[in-house]
Amino acid sequence: ALLSNIMAILLQSLCARLAIASGRDLAQACRDAFPRWVSVPLWLFAEAAIIATDLAEVIGTAIGINLLFGIPLEIGIFITAADVFLILWLQNKGFRWIEAFIIALLGVIAACFLVQIAMADPDWGAVIRGYAPTTEIVTNPDMLYLALGIIGATVMPHNLYLHSGIVQTRAFGIDPAGKREALRHATWDSTIALMLALLVNSSILILAAATFNTSGNTEIVEIDKAHALLSPLLGSGIAPALFGIALLCCGLNATVTATMSGQIVMEGFIAFRISPVMRRLITRVVAIVPAISVILLYGSQETGQLLILSQVILSFQLPFAIVPLVMFTASRAKMGDLVAPRWLTFLCALVALTIISLNVNLLWSFATSAL
């Protein structure tokens, strides 16, 4: 989780640099630089990542609705399509309202988990040591699978396109000094937001370890089981409600960002624009199909595995966004004086190679185990 967050901070800084220096978001830059036989597949990969993200939102929001109101997942999945009205309302209000809404949701999520962690009272020394990665992630295919899911869920390919588009909504001077100041502010903005995301991600892991692992409940892999055991293990009836509220807020938060990135990706790659509401409905319908299929064929207990799979798919899509991003920001012809320093290009190239290597390692592990 910590390494994923560092990766995201480095890559988001490149996105801001690209947007401010070239005046183009990542999708537009790909369309400008590559022939259609390259840019169209990149667009399709980006759309696949957005659909995978939406699939996670569908499942997570439906589980949150189920935990809070007792509505079955089969019905909750279709209720999630109503978030199109939320998108419409926010779009009419303007971008600053969208930002405020996302910040408010993140605050609610963080507060819910912090209260639960205070109840769990973890071993903070073990928490700090837990941030250090272990070599077993590479050697154990099951751990690698989960690690790639965490990388995909943290870095998120569609967020790279989104951030490079959002930065251009800011007002900044077009002179070199104004651009450098804008880059500094944008980098700080994204870094603070990602540190808050790390706080939330860490809170989930710390809560699980302090509540379930220490009590011997090491087989808890489904969200509904975790929800049911929070109250007896933490000794408070409010803990499960906070868990459900946080889950619901996560789904709503991702809904807004996925819709915005979908617009940027479609307009940037193929110069095609449709209304955000229509875009949202199409993406949501595509995401609902696998979710409802898994529930009907295998039961609601398998939705957790589908949730993890959707995030692993994001990890496999990441190189198709990261490699062009590193290429563009390392080019002085495109970036001018704001070309990325060599140390930053090296670190981001290392991130790309690491993710590609882990993806190949996972595929190889599955291939050899299947033989």
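Scope of the values below: all heavy atoms of this structure, side chains included, with no hydrogens, waters or symmetry mates. Computed from a predicted structure; not experimentally measured.
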Is it true that [X] and [Y] fall in one hydrophobic cluster, defined by side-chain heavy atoms closer than 4.5 Å?
{"X": "M195", "Y": "V155", "value": "yes"}
{"X": "V289", "Y": "L55", "value": "no"}
{"X": "I270", "Y": "W37", "value": "yes"}
{"X": "I322", "Y": "V38", "value": "yes"}
{"X": "I128", "Y": "L3", "value": "no"}

Criterion side-chain contact (heavy atoms from CB on, under 4.5 Å) on H163 and L11, from CA distance to verdict: CA-CA 10 Å; H163 189 59; L11 294 170; over 6 Å; no
Before giving the answer on side-chain contact (heavy atoms from CB on, under 4.5 Å), spell out for D337 and K179 the whole-Å C-alpha distance, their side-chain angles and the decisive distance to 0.1 Å. CA-CA 10 Å; D337 291 338; K179 287 185 175 182; over 6 Å; no
Indicate the atoms forming the closest heavy-atom contact of [X] with [Y], along with that distance.
{"X": "A210", "Y": "P122", "answer": "CB-CB, 3.6 Å"}
{"X": "S13", "Y": "L183", "answer": "O-CD1, 4.2 Å"}
{"X": "P319", "Y": "P324", "answer": "O-CD, 3.9 Å"}
{"X": "V339", "Y": "R17", "answer": "O-NH1, 3.6 Å"}
{"X": "A321", "Y": "L160", "answer": "CB-CD1, 4.0 Å"}
{"X": "A1", "Y": "L198", "answer": "O-CD1, 3.8 Å"}

Distance from [X] atom [atom1] to [Y] atom [atom2], nearest 0.5 Å?
{"X": "Q263", "Y": "Y161", "atom1": "CD", "atom2": "OH", "value": "15.5 Å"}
{"X": "L148", "Y": "I313", "atom1": "CG", "atom2": "CD1", "value": "12.0 Å"}
{"X": "R342", "Y": "L347", "atom1": "CZ", "atom2": "CG", "value": "14.5 Å"}
{"X": "T154", "Y": "L194", "atom1": "OG1", "atom2": "CG", "value": "9.0 Å"}
{"X": "I264", "Y": "H158", "atom1": "CD1", "atom2": "NE2", "value": "10.5 Å"}
{"X": "L44", "Y": "E47", "atom1": "CG", "atom2": "CD", "value": "7.5 Å"}

Indicate yes or no: at least one non-hydrogen side-chain atom of [X] is less than 4.5 angstrom from one of [Y].
{"X": "L114", "Y": "L199", "result": "yes"}
{"X": "S261", "Y": "I50", "result": "yes"}
{"X": "F269", "Y": "V40", "result": "no"}
{"X": "L18", "Y": "L14", "result": "no"}
{"X": "V312", "Y": "L362", "result": "yes"}
{"X": "L314", "Y": "P157", "result": "yes"}
{"X": "V138", "Y": "L144", "result": "no"}
{"X": "S203", "Y": "I206", "result": "no"}

Suppose we screen for salt bridge (Lys or Arg N to Asp or Glu O under 4.0 Å). Which residues come up paired with D25, at least two apart in sequence or across chains? none
Sequence neighbours excluded, which residues qualify as salt bridge (Lys or Arg N to Asp or Glu O under 4.0 Å) partners of D32? R24
Is the side chain of [X] donor-acceptor paired with the backbone N or O of [Y] at a distance under 3.5 Å, no angle test?
{"X": "R31", "Y": "E267", "result": "yes"}
{"X": "S164", "Y": "L26", "result": "yes"}
{"X": "S22", "Y": "A19", "result": "no"}

How far apart are the C-alpha atoms of L162 and M156, what are their side-chain angles, what is the distance that settles it, and do they pass the side-chain contact (heavy atoms from CB on, under 4.5 Å) test? CA-CA 10 Å; L162 175 64; M156 287 191 168; over 6 Å; no
Contact list for residues 309-346, test ring pair (Phe, Tyr, Trp, His ring centres under 6.0 Å), sequence neighbours left out: F34-F328, F45-F320
Check the pair I150 / Q311 against side-chain contact (heavy atoms from CB on, under 4.5 Å), numbers first and verdict last. CA-CA 7 Å; I150 291 173; Q311 304 309 290; over 6 Å; no
So, applying side-chain contact (heavy atoms from CB on, under 4.5 Å) with I63, which one of T61, I65, I59 is it? I59
Any side-chain donor near an acceptor of the partner, S202 and Y131, under 3.5 Å: yes
